[in-house]
Amino acid sequence: MAEKKGLALHWQILIGMLAGVIFGIILKNFAWGANFINDWIYPVGQIFIRLLKLIAVPLIMASLIKGIADLQDISKFSRIGIRTVGIYLLTTVIAITIGLAVVNVWQPGEGIPPEVMNALAEDNAASGAKKVAAAQQQSETPPLQFIIDMVPDNIFKAASSNGNMLQVITFVIFFGICLLLVDKKKAQPMMDFFDSLNEVILKMVDVIMLISPFAVFALLANLAAGTDARIFSALGHYAGAVVVGLLLMVGVYMLAIAIITKRSPLGFIKAISPAQLLAFSTSSSAATLPVTMERVEEHVGVEKEVVSFVCPVGATVNMDGTSLYQAVAAVFICQVIGFPLDLNAQLTIVLTATLASIGSAAVPGAGMVMLVIVLEALGVPSDKLAFGIALIFAVDRPLDMCRTVVNVTGDATVATLVGKSVGKLGDPHVKNWDDHYFEEEEAA
Ligand code: ASP
């Protein structure tokens, strides 16, 4: 593993990120700089993201089938399923409540000079309109369509797109349960096959991670070269409210880890930090998924059957960071356009942001599309809505990076909590990463 030799992996990634930002900012000053990064540096990042996405479907298949087969008993699986959904919903509602509290106390929408707002909204009018159009397409689907969509009609078709993760999971659960139902001797070769496949795929994650410091360098250099820092001062309060809310949410996770698992929350964060840094660099919980699964299984010590169900489902439906951001952004836009929000409206935000975050795809910028649906549910008129989306568009990417970190942290936390609650939280397989991790357990 990369972190065994020399500098720990999370430091390598962090250094890569910082170097990338500095490199991007320097090259931005040259007329050829941004193009050079885009043509010659950025491809390293693109290849890295592709590699991670490449192994997501086989990883879920191998580890979930292996996990269910290891359970020996189907009733245990339903316990894991019910707890996962319950805790996911709970964390999402907590996240939205934190978002609403911060934005209502902070009031970031007050006092922005109208000329600054208009200029920002004008600059991003076309990009904002695209998000609104994408949201309209989404809201036209019938209410139960998402359940129908969870059932694949062709497994090869389902497995051919990372956007169909839930379909793959449905097939794999069905397959795994039937594997438990057939004669043990007949099932064994299949189990051995998936066991071995799982090992190989986990090794692939390790190998891909070797280039992660270079990949994040490339991704962040590209981003820094294309970002206008002046925007941050105009939308600073809004961005600040989102970031403070997200930090508070991370505090909630750490508290839950400390109280429920009795382990060191800092040790937990350190264990999953490479996944968090990748989430930040890629803005995609789907691309980060293989690393999240590997960290939670090997470095936190949650058993495969829990990780392989909870993490992929979480990457698809549990987005605490996104829901928190949607709550803050919705209220911010309403403050800016002078749209009053009573208690009922705030409750509508809790409900719609929960659904909107479930419906958001785990890819960059998806949360903003679903924000449109939250604003529509509040009754914001369409011209004002388009103005609001265009207004916040300029800072969306950096906030997307931050909320994706929280999305991934939430999935890892819930996997650990569910693991603890069903007796499937053991020792990490990789123990050398933090000697303090067991401190509290040993003391107990
Ligand atoms: N980028 C986020 C994710 O992949 C989704 C979003 O909020 O846009 O988790």
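Both ligands and their constituent atoms are indexed starting at 1 by order of listing. Residue numbers count from 1 along this sequence.
Using the six-membered ring where Trp is involved, His237 and Trp106 have ring planes that are perpendicular, over 60° apart on the 30 and 60° scheme.
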**Asked** Do Thr292 and Leu278 pass the side chain to side chain contact (heavy atoms under 4.5 Å, CB included) test, and can you show the C-alpha distance, the side-chain angles, and the key distance before you say yes or no?
**Response** CA-CA 9 Å; Thr292 315; Leu278 281 193; over 6 Å; no
**Message:** Run Val300 and Arg295 through side chain to side chain contact (heavy atoms under 4.5 Å, CB included) and show every step you take.
**Reply:** CA-CA 6 Å; Val300 178; Arg295 300 307 293 192; 5.7 Å; no
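Salt-bridge check for Asp400 with Arg397: failed, with every basic side-chain N at 4.0 Å or more from each acidic carboxylate O.
No donor-acceptor contact under 3.5 angstrom links the side chains of Asp320 and Ser357, judged on distance only.
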Which pairs of N or O atoms, one from ligand 1 and one from the protein, are separated by less than 3.5 Å, and what is the distance for each pair?
from, atom 1, to, atom 2, distance (Å)
ligand 1, 1 (N), Ser283, O, 2.8
ligand 1, 1 (N), Val363, O, 3.1
ligand 1, 1 (N), Asp400, OD1, 2.7
ligand 1, 1 (N), Thr404, OG1, 3.1
ligand 1, 4 (O), Ser285, N, 2.9
ligand 1, 4 (O), Ser285, OG, 3.1
ligand 1, 4 (O), Ala362, O, 3.2
ligand 1, 4 (O), Val363, N, 3.3
ligand 1, 7 (O), Thr322, OG1, 2.6
ligand 1, 7 (O), Arg403, NE, 2.6
ligand 1, 7 (O), Arg403, NH2, 3.4
ligand 1, 8 (O), Ala366, N, 3.0
ligand 1, 8 (O), Gly367, N, 2.7
ligand 1, 8 (O), Asp400, OD1, 3.4
ligand 1, 8 (O), Arg403, NH2, 3.0
ligand 1, 9 (O), Ser285, OG, 2.3
ligand 1, 9 (O), Asn407, ND2, 2.8

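Side chain of Thr316 to backbone of Pro312: a donor-acceptor contact under 3.5 angstrom is found.
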